[in-house]
Amino acid sequence: MGSLDTNSAVLIDRFGRRVDYIRLSITDRCDFRCVYCMGEDMTFLPRDQVLSLEECKRLVQVFVGLGVQKVRITGGEPLVRRDALWLFQHIGGLSGLRELTLTTNGSQLEQYAGQLKDAGVDRINISLDSLDAERFRKLTRIGDIQKVLRGIEAARAVGFAHTKLNAVLMHGLNDDEAPRLLQFAIDKQLDIAFIEEMPLGEVDHSRASSYVSNDETLQTLQRHFNLVSSDETTGGPARYWRIPGTTTRIGFISPHSHNFCESCNRVRITCKGELYLCLGQEDKVDLMPYLRDYPNDDAPLRDAILGALEIKPMGHDFDLRRAEPAVVRFMSMTGG
């Protein structure tokens with residue numbers, strides 16, 4: 001059974017795993033349409049069905065009060081939300097919060113990198129699946145690679161360290177770019193993670209045919225680089241490698257080929273306030289009613305969060321052989 005240690009305010013699920021990390025989506029909207037993330041013609045949520053930034057702030061405060069130490073703000077693309085910077089400014093200095101991070105496509109970083117640094121953001125993850133302008137536009141449907149590259153430079157210029165690139169490789173689209181992406185990360189003193197495509201939502205291609213395992217990617221990279229296995233961790237599911245003489249960490253997030261659920265320490269909250277206990281399962285608890293029905297009382301919200309831990313599953317069940325995706329919601333809905 002999920003439990004709350006009243007002495008140390010630590011969330012523990014029924015399998016004894018401590019939950020100290022939340023990923024909060026603040027919008028389902030994005031200025032890209034990445035082919036593995038969403039359909040080409042998306043219908044986004046009306047404003048009244050999306051958490052206000054004040055509600056997002058309150059959620060973060062309650063979770064931090066329950067022992068959560070790491071918060072990642074995601075989307076969609078979080079920086080396209082109007083006044084998103086306000087949220088970072090109001091949670092960046094919370095007592096008990098050890099790390100505030102952001103996942104972004106990089107399109108808005110040229111404008112916001114300095115302000116995010118000032119607000120207390122510790123690290124940034126940037127999605128980057130290709131360095132070729134034409135291919136990048138095909139993968140994102142509308143993205144401008146030069147805008148993203150300028151955003152990466154802006155993040156470096158204001159002093160963000162250990163910025164990480166997230167790359168999803170797909171057969172026939174960009175699977176040949178793994179060495180080039182890694183060399184780019186080395187040259188820019190960035191970290192990089194290769195993430196296996198996840199079967200979330202109906203998209204315009206067969207995921208079974210596009211799927212590239214991280215074992216394949218590792219073998220490809222080992223033909224070009226001297227990779228040395230590392231036991232370090234950043235608190236997430238990535239397994240890391242190093243290249244002697246560089247500062248770059250190479251991570252592999254492998255939900256298909258190497259299940260990492262036994263050490264899961266996180267939950268996800270959608271921009272609708274839905275608390276998902278597992279990215280690959282549909283179990284959820286709707287937190288929005290507790291925010292709106294009890295605007296001045298956090299106790300019902302805390303109780304709902306505590307109760308939700310009782311349904312956190314042991315792990316996900318991704319299977320590309322299914323005719324339909326195991327999870328019908330898009331990645332952009334849950335948060336990257």
Discussion item. Rounded at 0.5 Å granularity, tell me how far NZ in Lys312 sits from CG in Leu275.
Written reply: 9.0 Å

Worksheet item: Are the side chain of Lys70 and the backbone of Thr101 linked by a donor-acceptor contact shorter than 3.5 Å?
Response: no

Fill in: Distance in Å, His224 NE2 paired with Leu182 CG, rounded so as to fall on 0.5 Å steps
10.5 Å

Worksheet item: In terms of hydrophobic clusters joined by side-chain contacts under 4.5 Å, are Tyr294 and Val62 together?
Response: yes

Fill in: Partner set under ring-ring contact (aromatic ring centres under 6.0 Å, His included) for Phe184, not counting sequence neighbours
none

Worksheet item: In terms of side-chain heavy atoms, does Gln69 have a donor or acceptor partner in Tyr21 at a distance below 3.5 Å?
Response: no

Worksheet item: What's the spacing between Thr163 OG1 and Asn125 CG if we round to 0.5 Å?
Response: 8.5 Å

Worksheet item: Of the options Thr248, Leu128, Ile152, which is the one that meets Leu190 in a side chain to side chain contact (heavy atoms under 4.5 Å, CB included)?
Response: Ile152

Fill in: Phe160 atom CZ, neighbour heavy-atom count above 12 within 6.0 Å
yes

Worksheet entry | Heavy-atom pair of closest approach, residues Gly75 and Pro78 | N-CD, 3.6 Å

Worksheet entry | Spacing of Gln108 atom CD and Leu85 atom CG [to the nearest 0.5 Å] | 12.0 Å

Item to complete: Mark yes or no for whether Asp13, through its side chain, and Pro313, through its backbone, hold a donor-acceptor pair below 3.5 Å.
Response: no

Fill in: Donor + acceptor pair across side chains of Asn105, Ser127 (<3.5 Å)
no

Worksheet item: Do any N or O atoms from the side chain of Arg81 and from the backbone of Ile26 form a donor-acceptor pair under 3.5 angstrom?
Response: yes

Worksheet entry | Contact summary for Asn226 and Pro244, nearest pair of heavy atoms | O-CD, 3.3 Å

Discussion item. Let's go through Ser130 and Asp132 carefully: what are the C-alpha distance in whole Å and the side-chain angles of both, what is the deciding distance for side-chain hydrogen bond (donor to acceptor under 3.5 Å, both in side chains) to 0.1 Å, and is it a yes or a no?
Written reply: CA-CA 6 Å; Ser130 176; Asp132 177 85; 5.1 Å; no

Item to complete: Please lay out, stage by stage, how Arg14 and Glu310 fare under the test salt bridge (Lys or Arg N to Asp or Glu O under 4.0 Å).
Response: CA-CA 6 Å; Arg14 57 193 169 133; Glu310 298 179 10; over 6 Å; no

Discussion item. Strictly below 4.0 Å, N to O, side chains only: are Asp191 and Lys164 in salt-bridge contact?
Written reply: no

Worksheet, complete the sentence: dist Arg242:CZ -> Thr247:OG1 (nearest 0.5 Å) comes out at 7.5 Å

Fill in: Expected output: side-chain Gln49 to main-chain Lys272 donor-acceptor under 3.5 Å
no

Worksheet item: With no hydrogens and no angle check, is any side-chain donor or acceptor of Arg23 less than 3.5 Å from a backbone partner on Arg268?
Response: no

Fill in: Any side-chain heavy-atom pair of Val68 and Leu66 under 4.5 Å
no

Worksheet item: Is any NZ, NE, NH1 or NH2 atom of the basic residue among Glu77 and Arg29 found under 4.0 Å from an Asp or Glu carboxylate oxygen of the other?
Response: no

Worksheet item: Does a side-chain heavy-atom distance below 4.5 Å link Leu131 with Glu177?
Response: yes

Worksheet item: Does any non-hydrogen side-chain atom of Leu181 lie less than 4.5 Å from one of Asp129?
Response: no

Discussion item. Let me confirm one number: the CD1-CD distance from Ile91 to Gln61, rounded to the nearest 0.5 Å.
Written reply: 9.0 Å

Practice prompt. Any chance you could pull the hydrophobic cluster mates of Ile142, using side-chain heavy atoms under 4.5 angstrom and chaining through other members?
Written response: none

Worksheet item: Do Lys284 and Glu274 meet the salt-bridge criterion of a basic N to acidic O distance under 4.0 Å?
Response: yes

Discussion item. Treating Glu216 as the side-chain partner and Ser213 as the backbone partner, does any N or O pair qualify as donor plus acceptor under 3.5 Å?
Written reply: yes

Worksheet entry | Steps toward side-chain contact (heavy atoms from CB on, under 4.5 Å) verdict (Phe225, Ile186) | CA-CA 11 Å; Phe225 302 92; Ile186 293 169; 3.8 Å; yes

Fill in: Closest heavy-atom pair and its distance - Glu232, Tyr240
O-CD1, 3.6 Å

Worksheet item: Transitively linked via ILVMFWY side-chain contacts under 4.5 Å: Val80 with Leu24?
Response: no

Discussion item. For Gln219 and Asp215: C-alpha separation, side-chain torsions, deciding distance, then whether side-chain hydrogen bond (donor to acceptor under 3.5 Å, both in side chains) applies.
Written reply: CA-CA 6 Å; Gln219 291 171 11; Asp215 288 339; over 6 Å; no

Item to complete: Work out which heavy atom in Val71 is nearest to a heavy atom in Leu97; give both atom names and the distance.
Response: CG2-CD1, 3.6 Å

Worksheet item: If you measure from the Lys or Arg side-chain nitrogens to the Asp or Glu carboxylate oxygens, is any gap between Arg302 and Asp297 under 4.0 Å?
Response: no

Worksheet item: After noting the C-alpha distance and the side-chain angles of Asn265 and Arg18, does the key distance pass the side-chain contact (heavy atoms from CB on, under 4.5 Å) rule?
Response: CA-CA 6 Å; Asn265 65 334; Arg18 177 178 174 179; over 6 Å; no

Discussion item. Are the side chains of Arg239 and Ser254 in contact, using a 4.5 Å heavy-atom criterion?
Written reply: no

Discussion item. With side-chain contact (heavy atoms from CB on, under 4.5 Å) as the criterion, how do Val285 and Tyr276 come out once you've worked through the C-alpha distance, each side chain's angles and the decisive distance to 0.1 Å?
Written reply: CA-CA 7 Å; Val285 172; Tyr276 279 94; over 6 Å; no

Worksheet item: Is the closest side-chain heavy-atom distance between Arg249 and Ser230 below 4.5 Å?
Response: no

Worksheet item: Donor-acceptor pair, Asp122 side chain versus Leu100 backbone, under 3.5 Å?
Response: yes

Fill in: Within the 6.0 Å centroid threshold, strictly below: Phe88 and Tyr112
no

Worksheet item: Among all residues two or more places apart in sequence or in another chain, which pass the side chain to side chain contact (heavy atoms under 4.5 Å, CB included) test with Ala113?
Response: Ala154, Val158

Practice prompt. Determine whether Ser25 and Ile269 make a side-chain contact, defined as any pair of heavy atoms from C-beta on separated by less than 4.5 Å.
Written response: no

Practice prompt. Please lay out, stage by stage, how Leu79 and Leu116 fare under the test side-chain contact (heavy atoms from CB on, under 4.5 Å).
Written response: CA-CA 10 Å; Leu79 296 181; Leu116 290 165; 4.0 Å; yes

Worksheet item: Arg135 versus Asp176: any side-chain heavy-atom pair under 4.5 Å?
Response: yes

Fill in: Close side-chain approach of Leu169 and Glu197, heavy atoms under 4.5 Å
no

Worksheet item: What heavy-atom pair brings Leu165 and Ala185 nearest, and what distance separates the two atoms?
Response: CD1-CB, 4.3 Å

Worksheet entry | Pair Glu99 + Arg123: basic N to acidic O under 4.0 Å | yes

Worksheet entry | salt_bridge(Glu153, Arg156) N-O dist < 4.0 Å | yes

Worksheet item: Hey, what else clusters with Leu45 if you join Ile, Leu, Val, Met, Phe, Trp, Tyr whenever side-chain heavy atoms sit under 4.5 Å?
Response: Val50

Fill in: Within residues 56-68 or reaching into it, pairs that qualify as salt bridge (Lys or Arg N to Asp or Glu O under 4.0 Å) - sequence neighbours excluded
Arg58-Asp298

Worksheet item: Do the side chain of Arg47 and the main chain of Ser52 share a donor and acceptor less than 3.5 angstrom apart?
Response: no

Response to the item:
Tightest non-hydrogen contact, residues Cys271 and Asp28, listed as SG-N, 3.6 Å

Discussion item. If the condition is ring-ring contact (aromatic ring centres under 6.0 Å, His included), which residues does Phe194 pass it with, not counting sequence neighbours?
Written reply: Phe252

